[in-house]
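Reading through the structure tokens given below for one structure.
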2 protein chains.
Amino acid sequence: MIIVCSGITYIQIQEIGEIYCTFAQNTKKEIFLMAPFYIEQEKFLLSVDCIILGFKKGKLYLLISKRKFEPLKNQDTLMGGFLRSDENLEDTVSRVLYEYTGIKDVYMEQVGTYGSIHRDEGERVISVAYYALINLELFDEELCKKHNARWEELDKVGKLIFDHNQMLEDTIEILRRKAATQPLGFNLLPEKFTLPQLQSLYEAIYQTTLDKRNFRKRILEMDILEKQGDKDKSTSKRGAFYYKFNKEKYDQLLQKGYYFSL
Amino acid sequence: MIIVCSGITYIQIQEIGEIYCTFAQNTKKEIFLMAPFYIEQEKFLLSVDCIILGFKKGKLYLLISKRKFEPLKNQDTLMGGFLRSDENLEDTVSRVLYEYTGIKDVYMEQVGTYGSIHRDEGERVISVAYYALINLELFDEELCKKHNARWEELDKVGKLIFDHNQMLEDTIEILRRKAATQPLGFNLLPEKFTLPQLQSLYEAIYQTTLDKRNFRKRILEMDILEKQGDKDKSTSKRGAFYYKFNKEKYDQLLQKGYYFSL
DNA sequence: GCAAAAGTGTTAGGTGTACACCCATGA
DNA sequence: TCATGGGTGTACACCTAACACTTTTGC
């Protein structure tokens, strides 16, 4: 009998003895053997965990859900999913993001890979963390109920499972460093936004207050915002002008070697 | 007949049909079933690739070896190894580093994880890249011959296999960003080094020339270097004073909230 | 008319950068 | 004594950060 088994070559179980599986790969209906060196290596479960951030009312929010299976069922967790063999890492992230937010084409960035032996209390799992920045206007609230998920204020996030708190911490550090030199904040805002909104976003990211005049001066002289004709009157009687981020202009300036910083 | 197979639950091969393997884990001679959710997930080969950097004679060098197995046998490659189930990611890196350099306790940092479906032409392998900074005085030259390895000048590195050139690029970017705010350059130098040496290291990292007076002023007023009584006379008749990096002092200052930048 | 948020310029102090000459020593 | 790399101080330009008042408009 021929046993074809994708994955690890053998597992040693003393009571039963050793069982060897020859690794084979099925491509276009031909079966050929793997290069010998690969065969002898162990394989691992690989997951992605997503730090999904949104921004509203001057505050950053993290999407948290209740874990659906053991171990640690019903505890707070980041959104995650297992890598599949037909997916790039980013594909898995996109799949998870779409499942939990209903949004495609989300801005995402790798945070790092967490592989401590016992990080997952159930089984050895190596996890690649990605953070994603969400425009909450596009977010599908229905999915929250479906997945038992919620938006938690960033500085009120409690204990998450495994090393998810560490992932979150690392994300914030990367986000701060990155936001200082690249205009990634725009991913957290609607297409049209006001300068007070933008300022409060940066204040949320850096946990500080900024001087209105200095902020406006700096951001406007970068010349990557387009002032719109209409105003947002929801927060004041006078109303604040809408702006749009001009990505083309930004890319042009980058190519010319401009260096942005806030 | 019971088939116990660690890894993927089934592989679909049309000519043969579907074969299912139940996942089992052997711990302390007890065999118990995994949490059901994990069972259904695929497993992957996981490797680490090491970008090993050294510094001598004013230039940065990358350790490169010839790949020992197919595919792409004998082509230039970074040092790498497969993750084992009893290792954390850093353990694997340490093992690889020790194997190729003979040094333990090396400064290392994760670069990122590379998981494109076809990045490895042999088989699906997800690779976590780490860079390591080596004090070349401790390096064991014998190991070069044994592994068919060599130190290649950083800006003369040619085509490496797979996405290793990308990993190298990403490393340099991280190194530059990091070196500007943290004293990691010291890992590339002997315990005792001179200021001209230190300056030429930073010049190598940033591919630029620095003003001697400005550099010395900045680095000395950080107050993390200890001037030694003796001099290095190998590069000039007058000789340059040796300095040592004072890590304790650096950590103290960090705790007080000091922010370093070059 | 008043409350509440939007919008607007100037200045002082500090930081980064450019720059040129003397020193110590071995050959 | 001279060639070679090591070591030192200052002046100016620029950028950052601090600061207060006017405008608009719905109620």
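We name chains A, B, ... by the order of the sequence lines, and we start the count at 1 in each one. From a predicted model like this one, the values you see are computed outputs, not experimental measurements.
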Atom-pair distance ([atom1] on [X]; [atom2] on [N]), nearest Å:
X	N	atom1	atom2	answer
B:Lys233	C:dG26	NZ	P	4 Å
B:Gln199	D:dT8	CD	P	13 Å
B:Phe215	D:dT8	CZ	C1'	16 Å

Any pair counted as salt bridge (charged side-chain N to carboxylate O under 4.0 Å, His left out), so long as it reaches [range], sequence neighbours left out:
range	answer
residues 99-109 of chain A	A:Glu109-A:Lys178
residues 139-148 of chain A	A:Glu142-A:Lys145
residues 185-204 of chain B	B:Glu191-B:Lys244, B:Lys192-B:Asp230
residues 214-226 of chain A	A:Asp223-A:Lys249

Contacts of type salt bridge (charged side-chain N to carboxylate O under 4.0 Å, His left out), residue B:Asp163, not counting sequence neighbours: B:Arg119

D:dC27 phosphate, OP1 or OP2, under 4.0 Å from A:Lys237 side-chain N/O: no

pair B:Leu60-B:Leu188: side-chain heavy atoms closer than 4.5 Å: yes

Nucleic acid footprint by protein, nucleotides 6-16 of chain C - heavy-atom cut-off 4.0 Å, B for base, S for sugar-phosphate alone: BBBBB------

